[in-house]
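Computation of the quantities below employed the complete heavy-atom set of this structure, encompassing side-chain atoms and omitting hydrogens, waters and symmetry-equivalent molecules. Both counts, for ligands and for their atoms, begin at 1 and track the order of listing.
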Amino acid sequence: MKTIIEPFRIKSVEPIRMTSREEREQILRDAHFNVFGIKARDVLVDLLTDSGTGAMSSLQWSGMMRGDESYAGAESFYRFSDKMNELTGFDHILPTHQGRASERILFELVGGPGKVIPNNNHFDTTRANVEHSGARAVDLVIHEAKTPSLRHPFKGNMDVQRLRDLIVAEGVEKIPIVMVTVTNNSGGGQPVSLANLREVRAVCDEFGIPLFLDACRFAENAYFIKQREEGQGERTIREIVRDTFDLADGATISAKKDGMVNIGGVLLIRDPELAQRADALLILTEGFVTYGGLSGRDLEAMAQGFEEVVREDYLSYRIRSTEYLGERLLALGFQIIEPPGGHAIYVDAGKLCPGIPSWEFPGQALVCELYRQAGIRTVEIGSVMFGGGGNPPPLELVRFAIPRRVYTQSHIDYVVEACGELYERRDRIKGLKIVFEPPYLRHFSARFIELR
Ligand SMILES: *Cc1c(COP(=O)(O)O)cnc(C)c1O
């Protein structure tokens, strides 16, 4: 295989501040063993999230200079909505300040006590918004997704039989929408096939339930479809993206992912009556329908970001760089969610630290050790994020998310070296205990102490 090079060169750089292990030890304690509490200047390689952390292109930056800041009907809004219409075929396009704002509006409209929302896997903010409305969030990803070492080309697929069983068991009237997350972030950044989306659509049609996508990474998902799905290899990313959205009645999108911007979101709704109610809520809480809590320049950056993300040279570089990290960690002995996902690598911390039980948070323990060892910031996706409230213990994962167009291969090689050293001392990683937690999304602000 030929080296796939970054399809860009670097025009502007941001220095990284080096820290010593002793400094990091103190910083970690001051942050109560929660890396969300660490200042970004104290992080060497920040793999906390790929959300809003990407580098914008020169065309995105120049677009910001021509942002039309008119309150209503700004040019920038039309450039943004024309681009979204071109890619998705949707006519009713609402800008929001980020994905969870789209979610909050959607679930205020369709959620509520007694309602049940199926999804392959709800992302943390999606689950929180569903539950905040009083509804119940149910995850129906295929069973293969529960075994990290098991390889499946579309490990994000929804179990269509379980979806049907859920609808029959709960009753159609309790299920206002079905959601599918592409790619499946909480399930390892794994793609969903067009075939699976069509099957889900057929079940939705049979029961008359609308299908909504959580489409934050629709372009990465389309690239996997092109690579892996039968009959899709010769098609363009744009065609696959269009097919994906054609199957849906609506979508929530965080533009901080495949929109390649630092802030922004989208809400797409086909049904005119529901769209009108969404407009009203948007105006109430985000802003007028042509800016939705964003500035004109943000809309310009989104319009250009959505244009750049569907380019194949970008996507092949993007998916290959994530895969590279995954292959190297596997070779060191880490169990990751296989095959590597689109935007991130997920390490099975439960397997790495079998001596740490779920109530001592093996994922969080590994996150802390990675910071202490090498200044690398990752995030726990396990018992801290999804545990508590009587939920069964999930997989204990640590996510290494790759910001778009930010780090080079030597940054990633540094991460791999640090992981190699850490692997040798894995039996000395210490469990944690929660000493404070807030009522929602506790992983953002929980405090811990180290045990033993
Ligand atoms: C990031 C994300 C969200 C929420 O978007 P924000 O912009 O962070 O509010 C929702 N769903 C998925 C799958 C995501 O990755």
By number and element, which atoms of ligand 1 are closer than 4.0 Å to a non-hydrogen atom of [X]?
X	answer
Lys256	7 (O)
Thr181	13 (C)
Gln98	6 (P), 7 (O), 8 (O), 9 (O)

task = Check Thr126 against ligand 1 and report side chain, backbone, both or neither, counting heavy atoms closer than 4.0 Å.
result =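 For Thr126, only side-chain atoms sit under 4.0 Å from ligand 1.
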query = Any idea which part of Arg100 is under 4.0 Å from ligand 1, heavy-atom wise: side chain, backbone, both or neither?
reply =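 It is both backbone and side chain that touch ligand 1.
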ask   = Is there a donor-acceptor pair under 3.5 Å between the side chain of Gln98 and the backbone N or O of Arg100?
value =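 No, Gln98 side chain to Arg100 backbone: no donor-acceptor pair under 3.5 Å.
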For [atom], what is the closest protein heavy atom, and at what distance to 0.1 Å?
atom	result
atom 1 (C) of ligand 1	Lys257 NZ, 1.4 Å
atom 10 (C) of ligand 1	Glu103 OE2, 3.0 Å
atom 4 (C) of ligand 1	Thr125 OG1, 3.3 Å
atom 11 (N) of ligand 1	Asp214 OD2, 2.7 Å
atom 7 (O) of ligand 1	Ser254 OG, 2.6 Å

task = Answer yes when Arg405 and Glu308 have at least one side-chain N-carboxylate O distance shorter than 4.0 Å, and no when they do not.
result =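 Salt bridge: yes.
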So, do [X] and [Y] sit near enough that their side-chain heavy atoms are less than 4.5 Å apart?
X	Y	value
Ile142	His152	yes
Arg136	Ile117	no
Leu329	Gln335	no

request  = Using the ring-ring contact (aromatic ring centres under 6.0 Å, His included) rule, pick out the option among Phe444, Tyr371, Phe448 that qualifies with Phe36.
outcome  =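 One option only clears the test, and that one is Phe444.
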task = Using non-hydrogen atoms of the residue, decide whether Gly265 is closer than 4.0 angstrom to ligand 1.
result =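 No, Gly265 has no heavy atoms under 4.0 Å from ligand 1.
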query = For the side-chain contact (heavy atoms from CB on, under 4.5 Å) test, which of Ile253, Thr181, Asp258 pairs with Arg217?
reply =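 That would be Asp258.
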task = Could you tell me whether Lys155 sits above the aromatic face of Tyr346, with NZ or CZ closer than 6.0 angstrom to the six-membered ring centre and within 45 degrees of the axis?
result =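 Cation-pi check for Lys155 and Tyr346: fails.
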ask   = Would one find an N or O of Asn185, backbone or side chain, under 3.5 Å from an N or O of ligand 1?
value =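 Yes, since at least one N or O of Asn185 sits under 3.5 Å from an N or O of ligand 1.
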ask   = Looking only at distance, does Gly99 have an N or O less than 3.5 Å from an N or O of ligand 1?
value =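 Min N/O separation from ligand 1 is below 3.5 Å for Gly99.
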ask   = What's the verdict on salt bridge (charged side-chain N to carboxylate O under 4.0 Å, His left out) for Glu300 and Arg297, showing C-alpha distance, side-chain angles and the deciding distance?
value = CA-CA 5 Å; Glu300 289 285 348; Arg297 54 184 172 269; over 6 Å; no
